[in-house]
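See structure below.
Please read these numbers as outputs of a predicted model, since none were measured by experiment.
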Amino acid sequence: MNADTKSFEAAQDSNLPTMVTPYVPPPPVGPHSHMRPLGFADPFRWLARGLKDMRQHPGIALFYGLCFWGMAQVLALVFKHKPEYTLSLVSGCLLVGPFLAMGLYEVSRKREQGKVPDMASSLMCWDQHIRSMAMLVLVLMVLELLWGRASLVVFAVFFNTGMPSTTGVIEAVFNPQNIEFLMVYLAVGGVFAALVYGLSVVSIPMILDRDTDAISAVLTSMRVVFSHPGVMLLWGLLLSVLVLAALWPWALGIIVVGPWLGHASWHAYRGSVEWEENPEEAVTLGSSN
């Protein structure tokens, strides 16, 4: 019985088509991204390069700075009248800010190419990337909605008698008896802020630079964060500290800090990712500034 089975299988195998040479899959098409080695001095270099770009085009920087200032004023009004929505609006600013900064990325990109940036191209740079940007907006909007809902749940759990006023929120934050509320509130906000940061830290500049799809950009952004968690944590802290410092007094500092960080974020992308255009030649991004 076993002999008959083996003979039948051998006959079947003999009828299968055979190849003269073994199958070799074709080489991958398109450039490949690689993570560059980073050190803790790199975020400060990105800031220095961003400051140089801003000084070269102060008019464009002023326009975007005023836009960032307007966002800060809206945030202040919400905190004054509806404090329970403040954290969700902060998430919205984290969503809108990088997209608004896309025009600043375009200025830095043109400077690297040896071209003269102008306001029109800066404002319309997203026009050729609508599909990828729309998908990224959708992903970040879902996170923003979840963040807002989570923040309302935290308020509802700790303030079951009703949402507190602005004074109530300030008292809750600085009241030692409400340390549990503060820890939970910051933990929830920190988780969502980290997700938004990880997904967008280099994804939007990458879409502008390579015209790639949103999924590839998001995955590359997460690869950068996981490849260099310490450096990217430092970069995130620098961004947060500078933005918070710029909010006082009356958020006037954001007029300067906003464009500065926008240009610097472009150099963060350029300094974090390199592209292998073909197997024999690798183009390192961020090496010439």
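Partner of Met222 under the side-chain contact (heavy atoms from CB on, under 4.5 Å) criterion, chosen from Leu199, Val202, Val201: Leu199. Of the options Leu138, Ile207, Asp127, Leu208, a side-chain contact (heavy atoms from CB on, under 4.5 Å) to Met133 is made by Ile207 and by none of the others. Of the residues Phe44, Trp46, Phe40, the one that meets the ring pair (Phe, Tyr, Trp, His ring centres under 6.0 Å) test with Trp235 is Trp46.
From Ile254, atom CD1 reaches atom CG of Leu261 across 7.0 Å, with rounding to the nearest 0.5 Å. Note: Leu233 CG to Leu237 CG = 4.5 Å, rounded to the nearest 0.5 Å. To the nearest 0.5 angstrom, Leu182 atom CG is 10.0 Å from Tyr185 atom OH. The structure places CD1 of Ile130 at 14.0 Å from CE of Met135, a figure rounded to the nearest 0.5 Å. Atom CG of Leu140 and atom OG of Ser203 lie 7.0 Å apart (nearest 0.5 Å). Between the CE atom of Met54 and the CD1 atom of Ile60 there is a distance of 13.0 Å, given to the nearest 0.5 Å.
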*Check the pair His267, Glu112 against side chain to side chain contact (heavy atoms under 4.5 Å, CB included), reporting the backbone distance first and the verdict last.*
CA-CA 10 Å; His267 292 287; Glu112 289 185 1; 3.6 Å; yes
*Carefully, step by step, assess Trp266 and Asp209 under the rule side chain to side chain contact (heavy atoms under 4.5 Å, CB included).*
CA-CA 10 Å; Trp266 168 261; Asp209 182 44; 3.8 Å; yes
*Apply side chain to side chain contact (heavy atoms under 4.5 Å, CB included) to Asp211 and His129, showing your working.*
CA-CA 6 Å; Asp211 194 25; His129 314 284; 2.9 Å; yes
*Decide yes or no on side chain to side chain contact (heavy atoms under 4.5 Å, CB included) for Gln56 and Val107, but give the supporting numbers first.*
CA-CA 10 Å; Gln56 292 296 320; Val107 172; over 6 Å; no
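Between the side chain of Tyr197 and the backbone N or O of Met232 there is at least one donor-acceptor pair closer than 3.5 Å. Looking only at distances, a side-chain donor or acceptor of Trp69 sits under 3.5 Å from a matching main-chain atom of Trp250. Although no hydrogens or angles enter the test, the distance criterion places a donor-acceptor pair under 3.5 Å between the side chain of Trp260 and the main chain of Leu47. Between the side chain of Ser121 and the main chain of Asp118, a donor-acceptor pair closer than 3.5 Å is present.
Remark: Gln113 CD is packed, more than 12 non-hydrogen atoms of other residues, nucleotides or ligands lying under 6.0 Å away.
Partners of Ser108 by side chain to side chain donor-acceptor pair (under 3.5 Å), not counting sequence neighbours, listed by chain and number: Asp53, His263. Listed by chain and number, the residues in a salt bridge (Lys or Arg N to Asp or Glu O under 4.0 Å) with Arg45 are Asp42 (sequence neighbours excluded). Every residue was checked against the side chain to side chain donor-acceptor pair (under 3.5 Å) condition with Thr212, not counting sequence neighbours, and none meets it. Remark: Ser240 pairs with no residue by the side chain to side chain donor-acceptor pair (under 3.5 Å) rule, at least two apart or across chains. Looking at residues two or more places apart in sequence or on another chain, you find no side chain to side chain donor-acceptor pair (under 3.5 Å) involving His228.
Side-chain heavy atoms closer than 4.5 Å link hydrophobic residues (I, L, V, M, F, W, Y) into clusters, and following such links, possibly through other members, connects Leu66 to Leu104. With hydrophobic clusters built from ILVMFWY side chains whose heavy atoms lie under 4.5 angstrom apart, Leu247 does not share a cluster with Leu77. In terms of hydrophobic clustering, with Ile, Leu, Val, Met, Phe, Trp and Tyr side chains grouped at heavy-atom distances under 4.5 Å, Val273 and Leu219 are assigned to different clusters. Connection of Leu244 to Phe68 is not established within any shared hydrophobic cluster, with ILVMFWY side chains joined at heavy-atom distances below 4.5 Å, either directly or through further cluster members. Hydrophobic clustering, with ILVMFWY side chains joined whenever heavy atoms are under 4.5 angstrom apart, keeps Val225 apart from Ile215.
Pro117 and Arg111 make their closest contact through CG-CG, 3.9 Å (heavy atoms, listed as atom of the first residue, atom of the second, distance). The minimum heavy-atom distance linking Gly103 with Tyr64 is given by the pair CA-OH, 3.3 Å. For the residue pair Val257 and Val243, the shortest heavy atom distance occurs at CG1-N, 4.4 Å. In plain terms, the two heavy atoms of Gln73 and Ala251 that are nearest each other are NE2-CB, 3.8 Å. Taking both residues in full, the closest heavy atoms of Pro259 and Ala61 are given as CG-O, 3.0 Å, listed atom of the first, atom of the second, then distance. The nearest pair of heavy atoms linking Ser265 to Pro205 is O-CG, 4.3 Å.
A side-chain donor-acceptor contact under 3.5 Å links Arg223 and Ser33.
Among residues at least two apart or in separate chains, salt bridge (charged side-chain N to carboxylate O under 4.0 Å, His left out) pairs with a member in residues 98-107 are Glu106-Arg109.
Within the 4.5 Å cutoff, the side chain of Tyr105 has no heavy atoms near those of the Cys125 side chain.
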